[in-house]
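What follows is a single structure, written as structure tokens, with notes after it.
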Amino acid sequence: MTLKEKINKLRKEKNAVILAHYYQDAEIQDIADYVGDSLGLSQQAANTDAEIIVFAGVHFMAETAKILSPDKTVVLPDLEAGCSLADSCPAEAFKEFTDTHPNHTVITYVNCSAEVKALTDIVCTSSNALKIVESIPKDKPIIFAPDKNLGKYITSQTGREMLLWDGSCVVHEAFSLEKLLDLHKKHPDFIIIAHPESEEHIINVASYVGSTAGMINYVKEHSDKSFIVATEAGILYKMQQEVPNTELIPAPAKEDNTCACSECAYMKVNTMEKLYNCLLHESPKIEVSKNIREKALVPIERMLALSK
Ligand code: 13P
Ligand code: SF4
């Protein structure tokens, strides 16, 4: 049997669902029951009837699934699948920060640990961050963490000043403005689209800014155009499937690398082999202590209620 056949057999026997993020390798996206952005994945995790959730993504995503579905077994193909943004916000330091600003509403981007979510009033993802920030009364000061780039983007759209945590994503900070503008000069008809984790100077030259799912939808709605895509390169696989006749070019990274684009090393530690093994052995399992889970669930549920 091929690895794919073995995974298919096992997932039926075990009543497992495979959830994958758009940044996963193509073969993982192909075998998944659902491929989506952070919001879509957490909505799937909250509503699935499966007994096992195989989370082909990174740790904070699987942890969010476990918080939403504590009675289910949640496995991640490789525990090393972390996130630079989540790592940039250790819970202890964040607690000191929030304690120093007690009157603030604390909004955290879903790319953070369960411990940080437990210190939060409301969670957001890149697809609903504007809506979540706008749901907070105007006279209420806001702490926004951990992504300063997303925070700055929201301020530019809403005029809402917020106290920003100094975190960022290594992948989205790797884009080169100079190379991007050079590329655009060569292809002036191409539309630049960007993920809001990108730096301000990249966002400023983009015609559309949105989550991974938002970017795919935008391209689908304008499939007669061509695009330069500033986010992790894994998205191009699903995007191209959706618009087979549309030209897509990944935005260039600062450092020369083999694909001249940006890849998330954390996302890419997951492989088909590891996916099979984690389903077979039901390990590594994601666990969240009851105390943290109960506190972290509240701001996640608030977000989901506002995202229907
Ligand atoms: P999305 O929610 O847009 O898929 O973003 C997740 C992420 O980690 C982007 O780097
Ligand atoms: Fe984290 Fe950036 Fe990778 Fe997304 S692309 S998982 S924010 S390191």
Side-chain angles (χ1 to χ4, degrees), residues 19-25 28-29 32 34-45 55-65 76-89 107-113 116-117 123-132 144-151 153-154 165-175 193-199 202-203 206 208-219 229-239 250-251 253-254 257 259 261-270 300 303-304 307:
L19 305 181
H21 189 265
Y22 290 122
Y23 296 165
Q24 292 292 285
D25 281 339
I28 296 184
Q29 293 194 39
Y34 175 85
V35 186
D37 68 356
S38 306
L39 177 65
L41 288 165
S42 59
Q43 287 165 330
Q44 291 290 320
F55 214 111
V58 291
H59 191 271
F60 76 81
M61 295 177 176
E63 206 173 46
T64 305
L76 184 66
D78 189 328
L79 276 185
E80 296 295 312
C83 168
S84 69
L85 248 177
D87 291 348
S88 70
C89 190
I107 304 181
T108 57
Y109 186 38
V110 69
N111 299 40
C112 63
S113 66
V116 169
K117 289 187 179 80
V123 168
C124 71
T125 75
S126 49
S127 63
N128 58 24
L130 280 171
K131 194 174 178 182
I132 302 284
F144 188 88
D147 189 12
K148 63 178 176 192
N149 292 318
L150 176 60
Y153 171 66
I154 294 165
W165 184 262
D166 188 14
S168 58
C169 159
V170 281
V171 179
H172 288 85
E173 288 209 329
F175 294 118
I193 57 173
H195 195 279
E197 285 174 22
S198 308
E199 288 175 286
I202 302 287
I203 287 181
Y208 173 81
V209 179
S211 76
T212 50
M215 292 169 89
I216 291 175
N217 287 335
Y218 186 81
V219 166
V229 182
T231 192
E232 209 269 357
I235 196 176
L236 292 164
Y237 178 64
K238 188 61 78 194
M239 203 177 253
K254 287 170 195 156
N257 53 23
C259 69
C261 59
S262 292
E263 290 203 334
C264 175
Y266 301 101
M267 286 277 181
K268 301 302 199 244
V269 294
N270 293 332
I300 297 172
M303 169 188 80
L304 292 179
S307 306

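In each ligand, atom 1 is the first atom listed, and ligand 1 is the first ligand listed. What you see is a predicted model; the values in this text were computed from it and never measured.
A pairwise comparison of heavy atoms in Val269 and Tyr266 identifies CG2-O, 3.1 Å as the closest pair. Smallest separation of non-hydrogen atoms from Pro250 and Leu236: CB-CD1, 3.6 Å.
By the criterion of a heavy-atom distance under 4.0 Å, the side chain of Cys264, and not its backbone, is placed next to ligand 2.
In this structure a side-chain-to-backbone donor-acceptor pair under 3.5 Å is present from Glu232 to Cys264. Of the possible polar contacts, none joining the Lys268 side chain to the Asp25 backbone as a donor-acceptor pair under 3.5 Å is found. Using a distance-only test at 3.5 Å, with no hydrogens or angles considered, no donor-acceptor pair links the side chain of Gln24 to the main chain of Gln29.
Tyr23 is linked by a ring pair (Phe, Tyr, Trp, His ring centres under 6.0 Å) to His21, counting only residues two or more places apart in sequence or in another chain.
Less than 4.0 angstrom separates some heavy atom of Asn111 from each of these atoms of ligand 2: 7 (S).
Summarising the geometry, atom OG1 belonging to Thr125 is positioned 9.0 Å from atom CG belonging to Asn111; distances are rounded to the nearest 0.5 Å.
Residues Met61 and Ser38 form a side-chain contact, since some pair of their non-hydrogen atoms from C-beta on lies under 4.5 Å apart.
In terms of protein heavy-atom proximity, atom 1 (Fe) of ligand 2 is closest to Cys83 SG, 2.4 Å.
Closest heavy-atom approach to atom 7 (S) of ligand 2 among the candidates Lys268, Glu263, Glu197: Glu197. Among Gly82, Ser168, Cys169, the residue whose heavy atom lies closest to atom 2 (Fe) of ligand 2 is Cys169.
Below 30°, between 30° and 60°, or above 60°: for His172 and His195 the angle between ring planes is between 30° and 60°, a tilted geometry.
A distance limit of 4.0 angstrom between heavy atoms and ligand 1 selects the residues His21, Tyr23, Asp37, Ser38, Tyr109, Asn111, Ser126, His172, His195, Glu197, Ser211, Thr212.
For the pair Glu232 and ligand 2, no heavy-atom separation below 4.0 Å is found.
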